J.: 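So that we are looking at the same thing, I have put the structure below in structure tokens.
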Amino acid sequence: MYENSRLILDSANPPEPGQVIWRSPSNLAIVKYWGKHGLQLPRNPSLSLTLTASCTDTVLEYSFKENADQQIDLDFYFHAEANEAFRAKILTFLESLRPQFPFLSQLKLTIRTGNSFPHSAGIASSASSMSALALGLCSLEDALFGTLQDAEAFDRKASYIARLGSGSACRSIYPYAAVWGATPVIPDASDEYAVPVEHLLHPTFKDFHDDILIVSTSEKAVSSRAGHALMEGNPYAEARYAQARTRLSVLVDAMRSGDLETFGKIAEDEALTLHALMMCSNPSYMLLHPNTVALIEKIRAYRAETKHPVYFSLDAGPNIHLLYPGAIIAEVRGWIEAELKEHCVDGWFIQDWVGEGPEEL
Ligand code: PMV
């Protein structure tokens, strides 16, 4: 999809040097994507909330290359420092995108990027970074060829390209919430790209918080890539994929009607299912930390006591995502300060919320 051999620059009429800049957020899946096949295609549909504070800024500078070789010429800076490991990864990704962006080898490219949070700490840095890069590449195509003027077509291509970089990144393109993966519940949903579902949301979910309680900032022992691969031999895999399909349909109804209780039940069940799948894969592994479990117990006790709709989720890491509506922010923040912070690294939590999605700067 999106192969286009006509996107080649005319060397007799080279473009002026320029740059594009995107800020793109992370997202938190409520129904999780875990297990893939083919070229980054999901085994089940997923639904995520688009975050705001946890984001990546990516500057893509370009100029027409003097020599006509077929190499992709890339310099890469992460937090203002040249980073060879990231450069090599991104170069491999750009090489794989030659069919979609054949002009890349005609340019000298410099990427300057940085996150608002630590990478590889289970805060889905790949989602924000790959979506920011995909948006930058689509802006670059549009700047050079004017081929992505239509906003919907632009977003869809950006989501498709982001998916090739990191599956979950395809959902970060859209404000508030997105669904990725074919499901009868959302007629235009696809395995190839995410679609926006903002129009389906009850207002409750548009004023919604996700405070990320940082239990650990160390790199994950097992990458998401390896985790997805282990689903292939997991004895519960087929039952899991069927469960995710059912949960997605129940979740969409709950988010339409503003049913926080059903939403929260699914969010927590999905978080624990994700980690249970890791624990029962072969080899087994565990990304939870004792403080993750301590926080889960406190959240459940607080909810039982106060009846406040506060729920937890987890990504592929030990950090807790605390989910709650804007209406109870004062109470919840007071409780975090008084009781939850002691389980976080240096008392650190990220105040994040569901928001408008990526922004061109
Ligand atoms: O996008 P990947 O390949 O890093 O996988 C991420 C999967 C989870 O974050 C654990 C779940 C999800 O749907 O985002």
Side-chain angles (χ1 to χ4, degrees), residues 24-51 54 56 89 93 96 115 117 119-134 159-174 177-183 189 191-195 197 210 212 219-232 234 237 240-241 243-245 247-248 251 266-279 281 285-288 292 312-321 323 352 354:
S24 190
S26 183
N27 68 75
L28 173 77
I30 303 301
V31 169
K32 308 286 187 186
Y33 146 63
W34 199 241
K36 61 179 170 179
H37 65 103
L39 207 58
Q40 302 268 85
L41 294 166
R43 289 284 185 195
N44 64 261
S46 55
L47 183 151
S48 62
L49 300 176
T50 304
L51 300 181
S54 308
T56 299
K89 246 172 111 171
F93 179 50
S96 76
N115 295 337
F117 55 88
H119 74 96
S120 303
I123 318 179
S125 63
S126 63
S128 57
S129 60
M130 284 300 167
S131 56
L133 179 59
S159 181
Y160 175 91
I161 297 294
R163 187 203 99 223
L164 297 176
S166 165
S168 58
C170 72
R171 298 182 310 232
S172 279
I173 302 299
Y174 294 106
V179 165
W180 170 40
T183 163
D191 285 356
E192 307 271 350
Y193 44 77
V195 295
V197 292
D210 176 358
I212 309 170
E219 289 224 9
K220 286 185 267 187
V222 180
S223 68
S224 287
R225 178 190 295 265
H228 285 290
L230 286 172
M231 279 302 282
E232 289 310 305
N234 192 302
R240 156 61 193 159
Y241 302 140
Q243 173 190 60
R245 287 183 200 113
R247 281 179 176 165
L248 187 107
L251 177 67
I266 292 177
E268 295 192 349
D269 287 350
E270 277 290 294
L272 296 176
T273 301
L274 171 68
H275 286 265
L277 289 164
M278 296 173 188
M279 289 182 224
S281 61
Y285 67 105
M286 202 189 292
L287 299 181
L288 301 179
T292 315
F312 68 83
S313 183
L314 297 157
D315 242 320
N319 301 319
I320 291 276
H321 288 250
L323 303 168
D352 213 332
V354 173

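Note that the structure is a prediction, hence the values are computed from the model and not measured. The analysis underlying the following values was restricted to heavy atoms, covering all of them including side chains, and did not include hydrogens, waters or symmetry mates. For ligands, and for the atoms within them, numbers begin at 1 and follow the listed sequence.
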J.: Would you tell me whether N234 and S281 have side-chain atoms, one donor and one acceptor, within less than 3.5 Å of each other?
T.: no
J.: List ligand 1 atoms under 4.0 Å from W34, heavy atoms only on the residue side.
T.: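 Answer, ordered by atom number: 7 (C), 10 (C).
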J.: Go through the steps to decide whether L49 and D210 satisfy the test side-chain contact (heavy atoms from CB on, under 4.5 Å), and finish with yes or no.
T.: CA-CA 9 Å; L49 300 176; D210 176 358; 5.9 Å; no
J.: Kindly identify the option in S48, P45, C170, S224 whose heavy atom sits closest to atom 4 (O) of ligand 1.
T.: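 That would be S224.
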J.: How long is the straight-line distance from CG of D269 back to CG of L274, given to the nearest 0.5 Å?
T.: 12.5 Å
J.: Is R171 in polar range of ligand 1, meaning some N or O pair under 3.5 Å apart?
T.: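 Yes, R171 has an N/O under 3.5 Å of an N/O on ligand 1.
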J.: Is the backbone of T56 close enough, under 3.5 Å, to the side chain of S24 for a donor and an acceptor to pair up by distance?
T.: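 Here the side-chain-to-backbone pair does not exist.
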J.: Angle between ring planes, W34 versus H228, binned at 30° and 60°: parallel, tilted or perpendicular?
T.: tilted
J.: Report the C-alpha distance between S26 and S54 in whole Å, list the side-chain angles of each, state the deciding distance to 0.1 Å, and finish with yes or no for side chain to side chain donor-acceptor pair (under 3.5 Å).
T.: CA-CA 6 Å; S26 183; S54 308; 5.7 Å; no
J.: Check each heavy atom of R225 against ligand 1 and say whether those closer than 4.0 Å belong to the side chain, the backbone, both or neither.
T.: neither
J.: Does only the side chain of K36 get under 4.0 Å from ligand 1, or the backbone, or both, or neither? Count heavy atoms.
T.: neither
J.: For ligand 1, note which part of S168 has a heavy atom under 4.0 Å away: side chain, backbone, both or neither.
T.: both
J.: So is S46 polar-close to ligand 1, meaning N/O to N/O under 3.5 Å?
T.: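 No, there is no polar N/O contact under 3.5 Å.
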J.: Quick check: do S313 and K32 have side-chain heavy atoms less than 4.5 Å from each other?
T.: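 Answer yes - side chains close enough.
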J.: If you count the atoms of ligand 1 from 1 in the order shown, which ones are under 4.0 Å from a heavy atom of S126?
T.: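 What qualifies from ligand 1 is 4 (O).
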J.: Under 4.0 Å from a heavy atom of D315: which atoms of ligand 1 are those, numbered in the order shown and with their elements?
T.: 8 (C), 9 (O), 10 (C)
J.: Evaluate the side-chain contact (heavy atoms from CB on, under 4.5 Å) criterion for residues E270 and L251: first the C-alpha distance (whole Å), next the side-chain angles of each, then the deciding distance (0.1 Å), finally the verdict.
T.: CA-CA 11 Å; E270 277 290 294; L251 177 67; over 6 Å; no
J.: Just jot down the ligand 1 atoms closer than 4.0 angstrom to any heavy atom of S166, in number order.
T.: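 The atoms of ligand 1 under 4.0 Å from a heavy atom of S166 are 1 (O), 2 (P), 4 (O).
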J.: Please list, in number order, the atoms of ligand 1 under 4.0 Å from a heavy atom of A29.
T.: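 By the 4.0 Å cutoff, the relevant atoms are 12 (C), 13 (O), 14 (O).
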